[in-house]
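Here's the structure, in structure tokens; my notes come after.
Source: prediction; values computed, not measured. Naming: A, B, ... by sequence-line order, numbering from 1 per chain.
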There are 2 protein chains.
Amino acid sequence: MPKETFFNLSPEKRSHILETAISEFAERSYTGFSITHMVTRAGIAKGSFYQYFENKLDLYRYLLLNVWVERKTSFLKSRLPPSGDGFFGAVRHLLLTGIAFGLSQPRMAAMFRPVLSPWAGDEELGALQQETLAYQRASFLNLIEQGQAQGQVRRDLNLETAADLLMAITRDGIDRAMSRIMGMTLVELCARPKRAAEFDEEDRAALVDEVVDLLRRWLGVSAGAPAETAGGGIDIDALADTRPVREGP
Amino acid sequence: MPKETFFNLSPEKRSHILETAISEFAERSYTGFSITHMVTRAGIAKGSFYQYFENKLDLYRYLLLNVWVERKTSFLKSRLPPSGDGFFGAVRHLLLTGIAFGLSQPRMAAMFRPVLSPWAGDEELGALQQETLAYQRASFLNLIEQGQAQGQVRRDLNLETAADLLMAITRDGIDRAMSRIMGMTLVELCARPKRAAEFDEEDRAALVDEVVDLLRRWLGVSAGAPAETAGGGIDIDALADTRPVREGP
DNA sequence: TAGTCATGTGACCAGGCAGTCACGTGACCG
DNA sequence: CGGTCACGTGACTGCCTGGTCACATGACTA
């Protein structure tokens, strides 16, 4: 957690430092991130950095557990799922919202990829990654169970394996497809954020519809079973990447 | 490509250097790999390294495009798929074989993850990764088309998207599930390779069956359609990660 | 024996890094 | 006015890195 000194800074300066750090992390990855380089770019002295943060990991953790979480939850709350579309309709909305958020924050999406994906990467991030993945898994498990409770997801599933595959499809699969469709990686997108518009609403809907179609065929109760379409929303907490955390002192 | 000097070495010394390099790459990742550290561990002088290889990337490329490919193709050829199980039976065998190979080569599986997964990671690997991913995508597309030609995979699919999702399910999904079941990451498995046995044949079959069940529901022609079970094998080239490459001079 | 050539070697150089610390600055207070 | 306190600063240390290069070694040849 950052030191008190950091929170005594003016909001503008604080934000300036964080934005610079986000850019650096996105462009150079966690390992490539150099404190020396970042402070030069931000126009502050290296000594100041150590009056704000313990070290690189402290800064990264703060960006993940506070900044990212805060932005994501507020984004999601501004686009609440329409109720009445049933479970898969809610999932569809969830995926579309997730894509929109990622495109609106490409730098953060890029810098947190190693910790939101099951890729070991930097040893230093191991603990953080394990914690985050565990929380995501729990969220996805919860999601499937909600679908079952609503009678729209079959019950003869191995829940644990289903959660793994569901994560792979909705995270890795969509990532892969987006990279292909946009013809660039996430890091390249950061350099040209306007290109995100080329992947327009129509393309996004087409992709998500393919994915939801897969999910319906895989998870949906077989045709002919009692379709219990009543309700059918999903708990918004199921979308979170990490346990909600409070702002620092 | 390594220099001539390297290929003039005795097979034992050559192999010793490569094995040391593989361990170092697996334990410290590409960015963390230090030539200085590796040569010390291998017991050779740093000057010698530069008489064998151009630099770190040269060594890494060679390990991927030659050593890995060679071992994988020979492994796959030693376990040819039984014909007669139809398309999904062949896919099942493919997945089981892939898992067995990965567990038999955990260090290489770990060191090549960034280049076989759509994770940008080290800028230096960007070109190599792009090339490899493109080749894999082509293989998966080919696989789906074979299934369609055999009448066992539905034709109303967006092929491109289907390939992305198929890759996510069979690579990322299985990776995620294996990490969960074994309770450790790939890197940790390298330190205790005997633990691979705890993920026994039965567990593997259970996991793969879940995945194949998903694929059947998603891709399979709807029940009642003409089941053209004739033939049903798959071309073994569809399994490759990279374009086949010849051994150096 | 003298010479040639491929190979082996490690001290050395320049550059980048994280983290420290003695000092500078300026606002506020008694 | 002097003193205190929070914050800002950048030179400095110690470490590790990739890559080079002048020299050593030893086999083989004329």
Side-chain angles (χ1 to χ4, degrees), chain A residues 1-18 20-21 23-25 27-63 111 121-126 128 248-249, chain B residues 1-18 20-21 23-25 27-63 111 121-126 128 248-249:
Chain A
M1 188 56 73
K3 302 177 184 175
E4 206 182 326
T5 317
F6 181 66
F7 296 105
N8 292 338
L9 257 40
S10 75
E12 294 75 29
K13 186 164 184 179
R14 225 184 312 164
S15 159
H16 172 66
I17 292 172
L18 292 180
T20 311
S23 293
E24 284 286 300
F25 273 125
E27 290 164 21
R28 305 164 71 107
S29 87
Y30 182 81
T31 324
F33 179 97
S34 150
I35 293 172
T36 307
H37 196 271
M38 188 278 257
V39 294
T40 308
R41 176 162 168 184
I44 63 175
K46 183 145 51 154
S48 298
F49 178 89
Y50 286 96
Q51 265 176 328
Y52 305 149
F53 305 98
E54 294 292 341
N55 47 39
K56 173 159 73 167
L57 183 59
D58 187 30
L59 167 60
Y60 187 86
R61 281 183 65 97
Y62 177 72
L63 285 170
M111 73 178 273
D122 314 281
E123 185 135 4
E124 218 174 329
L125 295 181
L128 194 56
Chain B
M1 188 54 72
K3 303 177 182 177
E4 207 182 325
T5 317
F6 181 66
F7 296 104
N8 292 339
L9 257 38
S10 75
E12 295 76 27
K13 186 164 185 179
R14 226 182 315 163
S15 158
H16 171 67
I17 293 171
L18 292 180
T20 311
S23 292
E24 284 285 302
F25 273 125
E27 291 165 20
R28 305 164 71 108
S29 87
Y30 182 80
T31 324
F33 179 98
S34 151
I35 293 172
T36 308
H37 196 270
M38 189 279 256
V39 293
T40 308
R41 177 163 167 182
I44 63 174
K46 185 150 41 158
S48 298
F49 177 90
Y50 287 96
Q51 265 175 329
Y52 305 150
F53 305 98
E54 294 292 341
N55 47 38
K56 174 159 72 167
L57 183 58
D58 188 31
L59 167 59
Y60 187 86
R61 282 183 64 98
Y62 177 70
L63 285 171
M111 73 177 275
D122 314 281
E123 186 135 2
E124 217 174 329
L125 296 181
L128 194 56

**Prompt:** Roughly how many Å is it from NZ in B:K3 to P in D:dG19, rounded to a whole number?
**Reply:** 11 Å
**Asked** Checking all strands, does A:F49 fall into the base, sugar-phosphate, or nothing category for heavy-atom contacts under 4.0 angstrom?
**Response** nothing
**Request:** Starting at atom OH of B:Y52, determine the distance to atom C1' of C:dG8, rounded to an integer number of angstrom.
**Result:** 7 Å
**Request:** Return the value, rounded to whole Å, for the distance between atom CD of A:E54 and atom P of C:dA18.
**Result:** 15 Å
**Prompt:** Considering all heavy atoms of both residues, which atom of A:F6 and which atom of A:R14 are nearest to each other, and what is their separation?
**Reply:** CZ-CG, 3.1 Å
**Message:** What is the separation between atom CZ on A:F53 and atom C1' on C:dA18, rounded to the nearest whole Å?
**Reply:** 16 Å
**Prompt:** Using a heavy-atom distance cut-off of less than 4.0 Å, which residues of residues 34-44 of chain B contact DNA chain D?
**Reply:** B:S34, B:I35, B:T36
**Prompt:** Taking NZ, NE, NH1 and NH2 as the nitrogens, is one of them in B:E54 or B:R61 under 4.0 Å from a carboxylate oxygen of the other?
**Reply:** no
**B:Y50 side chain near C:dT9 phosphate (N/O to OP1/OP2, under 4.0 Å)** = no
**Item:** Between CD on residue B:E27 and NE2 on residue B:H37, distance to nearest 0.5 Å
**Value:** 9.0 Å
**Item:** Interatomic distance, B:N55 CG vs D:dT20 C1' [rounded to whole Å]
**Value:** 14 Å
**B:Y62 and B:F53 aromatic ring geometry - parallel, tilted or perpendicular at 30°/60° bounds** = tilted
**Request:** Working to the nearest 0.5 Å, report the span between OG of B:S48 and NZ of B:K13.
**Result:** 6.0 Å
**Message:** Could you report the tightest heavy-atom contact between B:A21 and B:M38, atom names first, then the distance?
**Reply:** CB-CE, 3.9 Å
**Asked** Of B:N8, B:I44, B:L59, which is the lone residue that meets side chain to side chain contact (heavy atoms under 4.5 Å, CB included) with B:Y52?
**Response** B:I44
**Request:** Taking A:K46 for its side chain and A:T40 for its backbone only, find out whether a donor-acceptor pair lies under 3.5 Å.
**Result:** no
**B:Y30 and B:F25 aromatic ring geometry - parallel, tilted or perpendicular at 30°/60° bounds** = parallel
**Nucleotide nearest B:N8 (side chain, heavy atoms from C-beta), chosen from D:dT17, C:dT9, C:dT7** = C:dT7
**Message:** Within the 4.0 Å heavy-atom criterion, would you say B:T5 contacts the bases, only the backbone, or no part of the nucleic acid?
**Reply:** sugar-phosphate
**Message:** Just the rounded figure in Å: distance from C1' of C:dA18 to OH of A:Y30.
**Reply:** 12 Å
**Prompt:** Which pair of heavy atoms, one from B:A45 and one from B:V39, lies closest together, and at what distance?
**Reply:** O-CG1, 4.2 Å
**Complete:** When every non-hydrogen atom of A:R41 is compared with those of A:S23, the smallest separation belongs to NH2-CB, 3.3 Å
**Pi-cation contact, B:F33 with B:K56 (under 6.0 Å, within 45°)** = no
**Asked** Between the two ends of the helix from C:dT1-D:dA30 to C:dG30-D:dC1, what is the bend in degrees, rounded to 10 degrees, where each end axis spans five pairs?
**Response** 30°
**Request:** Round to the nearest Å and state the distance from B:F33 atom CZ to D:dG18 atom C1'.
**Result:** 12 Å
**Asked** With a 4.0 Å cut-off on heavy atoms, is B:K13 in touch with a base, just the backbone sugar-phosphate, or nothing at all?
**Response** sugar-phosphate
**Message:** Just the rounded figure in Å: distance from C1' of D:dT20 to CD of B:Q51.
**Reply:** 12 Å
**Asked** When all nucleic acid strands are considered with a 4.0 Å heavy-atom cut-off, which category describes B:F6: base, sugar-phosphate, or nothing?
**Response** nothing
Distances under 3.5 Å between protein N/O atoms and the N/O atoms of nucleotides 21-28 of chain C, please, pair by pair.
none

